[in-house]
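Some notes on the structure that comes next.
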There are 2 protein chains.
Amino acid sequence: MSCSEAYAPQLRARGYRMTPQRHAILHTLCHSGKHLTPIEVYARARKQLTSLTEPTVYRTLEFLAENGLIHSAQIGNGRFVYEVTRHAHHHLVCRHCGKELEVDHQIVEKMYQKLESFSGYKITDRHINFFGICSNCQ
Amino acid sequence: MSCSEAYAPQLRARGYRMTPQRHAILHTLCHSGKHLTPIEVYARARKQLTSLTEPTVYRTLEFLAENGLIHSAQIGNGRFVYEVTRHAHHHLVCRHCGKELEVDHQIVEKMYQKLESFSGYKITDRHINFFGICSNCQ
DNA sequence: TTCCTTATTGCAAGAAGTTACAACAATATA
DNA sequence: TATATTGTTGTAACTTCTTGCAATAAGGAA
Ligand SMILES: [Mn+2]
Ligand SMILES: [Mn+2]
Ligand SMILES: [Zn+2]
Ligand SMILES: [Zn+2]
């Protein structure tokens with residue numbers, strides 16, 4: 001079984017290794033269907049691999065995000081959440097009720113280009129949370 | 001003396017109080033000239049008010065941000081930084097060397113409008129950090 | 001000034017996240 | 001197979017951030 005098998009070659013191609021820890025964490029994210037905090041990943045992945053530790057979870061999530069296998073986003077309180085990489089998208093989050101709305105990347109693509117040509121920076125973020133007030137809460 | 005005198009009426013108008021703690025924290029931010037982390041604010045403001053505690057700093061920064069007197073932004077590692085509210089602006093931050101570039105809000109204004117009409121959300125953020133790679137580091 | 005209301009703070013404890021470093025284990029090389 | 005290399009993990013200690021709650025004090029009313 002398992003989703004995370006598919007990721008092993010991606011890692012090996014870059015000189016990295018597929019370990020039981022990375023396997024468990026990817027498996028957890030694959031089957032969650034939503035954004036998870038490091039603590040949630042830790043709790044769930046540990047059911048599969050009891051020897052897993054907190055620092056490994058934090059390090060692995062950062063590592064997988066740097067290598068593009070997962071996406072991170074910062075939620076309102078400043079913490080990170082993660083999900084396996086899908087199509088490029090962002091989120092609108094209501095500061096009042098927490099309601100989330102997914103928006104395709106193409107809706108901000110033009111602004112990215114404007115920022116890039118203006119500044120010379122190449123913007124890397126492909127999973128941003130924009131905060132506001134949803135229509136119900138206004 | 002002091003910048004923070006000007007803020008007292010803003011607070012009182014909303015039923016809040018100007019305290020020595022809020023005074024010290026606003027004074028610190030007014031005179032820093034750059035984004036500060038809560039820990040930095042704590043260290044600096046304590047020189048002026050030695051009885052100040054950490055929880056008060058975190059609570060006060062959040063409170064002042066909610067009431068528009070200061071602006072928060074999340075830096076790459078997920079932590080918050082703060083500065084007194086100036087004109088609406090955002091930042092481009094290099095993931096490699098950390099170099100920051102300030103960009104006026106109007107450059108993202110159109111994208112905000114697009115997001116808002118598309119979603120019904122009213123976007124509140126006026127101080128976002130966009131991450132990428134600067135021209136030197138590319 | 002004195003009393004009252006309640007916004008605000010400090011304290012203590014705990015949760016979340018980070019770091020340094022030694023031990024381990026996967027892979028390459030001989 | 002034996003050895004070297006180095007990517008990866010666990011441990012322990014630490015820093016940063018949060019929460020519940022009792023004590024405090026700012027500002028309004030008498
Ligand atoms: Mn997402
Ligand atoms: Mn700024
Ligand atoms: Zn809402
Ligand atoms: Zn750079």
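Just so we're on the same page: letters track the sequence lines, and every chain starts at 1.
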field: Electrostatic pair Glu102(A)-Arg86(A), nearest N-O below 4.0 angstrom
entry: yes
query: How close or far is atom C1' of dG10(D) from atom OH of Tyr42(A), stated in whole angstroms?
result: 11 Å
- prompt: Within the distance-only criterion (no hydrogens, no angle test), does the side chain of His89(A) pair as donor or acceptor with the backbone N or O of His87(A) below 3.5 angstrom?
  reply: yes
- prompt: Just by distance, do the side chain of Arg126(A) and the backbone of Ile123(A) share a donor-acceptor pair under 3.5 Å?
  reply: yes
task: Output every pair passing ring pair (Phe, Tyr, Trp, His ring centres under 6.0 Å) with a member in residues 51-81 of chain B, not counting sequence neighbours, ordered by first then second residue.
output: Tyr16(B)-Phe63(B), His71(B)-His127(B)
message: With nearest nucleotide decided by heavy atoms, which residue, Asn77(B) or Gly15(B), maps closer to the 5′ end of DNA chain C?
response: Gly15(B)
message: Tell me if a side-chain donor or acceptor on Thr85(B) pairs with a main-chain N or O of Gly68(B) at a distance below 3.5 Å.
response: yes
query: Separation of Arg79(B) atom CZ from dC17(D) atom C1', in whole Å?
result: 9 Å
Under 4.5 Å side-chain linkage, directly or through intermediates, the cluster mates of Phe131(B): Val93(B)
statement: Nearest-nucleotide check on DNA chain D, Ser51(A) vs Ile39(B); residue mapping nearer the 5' end is Ser51(A)
message: Looking at Gln10(A) and Tyr7(A), would you say the former's side chain and the latter's main chain have a donor-acceptor pair under 3.5 Å?
response: no
Rounded interatomic separation in angstrom, taking CZ from Phe80(A) and C1' from dC17(D): 15 Å
message: Are His90(A) and His105(A) packed together at the side-chain level, in the sense that at least one heavy-atom pair is separated by less than 4.5 angstrom?
response: yes
Minimum side-chain heavy-atom gap Glu83(B)-Ser32(B) below 4.5 Å: no
- request: Using heavy atoms and a sub-4.0 Å distance, could you list which residues of residues 54-64 of chain B are near DNA chain D? By number, please.
  value: Glu54(B), Pro55(B), Tyr58(B), Arg59(B)
message: Reading DNA chain C from 5' to 3', where do the contacts with chain B start and stop? Cut-off is 4.0 Å to heavy atoms.
response: dT6(C) to dT18(C)
query: By side-chain contact (heavy atoms from CB on, under 4.5 Å), which residues pair with Thr53(B), not counting sequence neighbours?
result: Pro55(B), Thr56(B)
task: Using atom CG of Leu52(A) as one end and atom P of dT9(D) as the other, report the distance to the nearest whole Å.
output: 9 Å
Hey, what are the protein-to-nucleotides 24-26 of chain D N/O distances that come in under 3.5 Å?
unit_1  : atom_1 : unit_2   : atom_2 : d
dA26(D) : N3     : Arg17(B) : NH1    : 3.1
dA26(D) : N3     : Arg17(B) : NH2    : 3.3

- prompt: Salt bridge between Arg46(A) and Glu54(A), side-chain N to carboxylate O under 4.0 Å?
  reply: no
message: Once you apply a heavy-atom cut-off of 4.0 Å, does Thr37(A) come out as touching a base, just sugar-phosphate, or nothing?
response: nothing
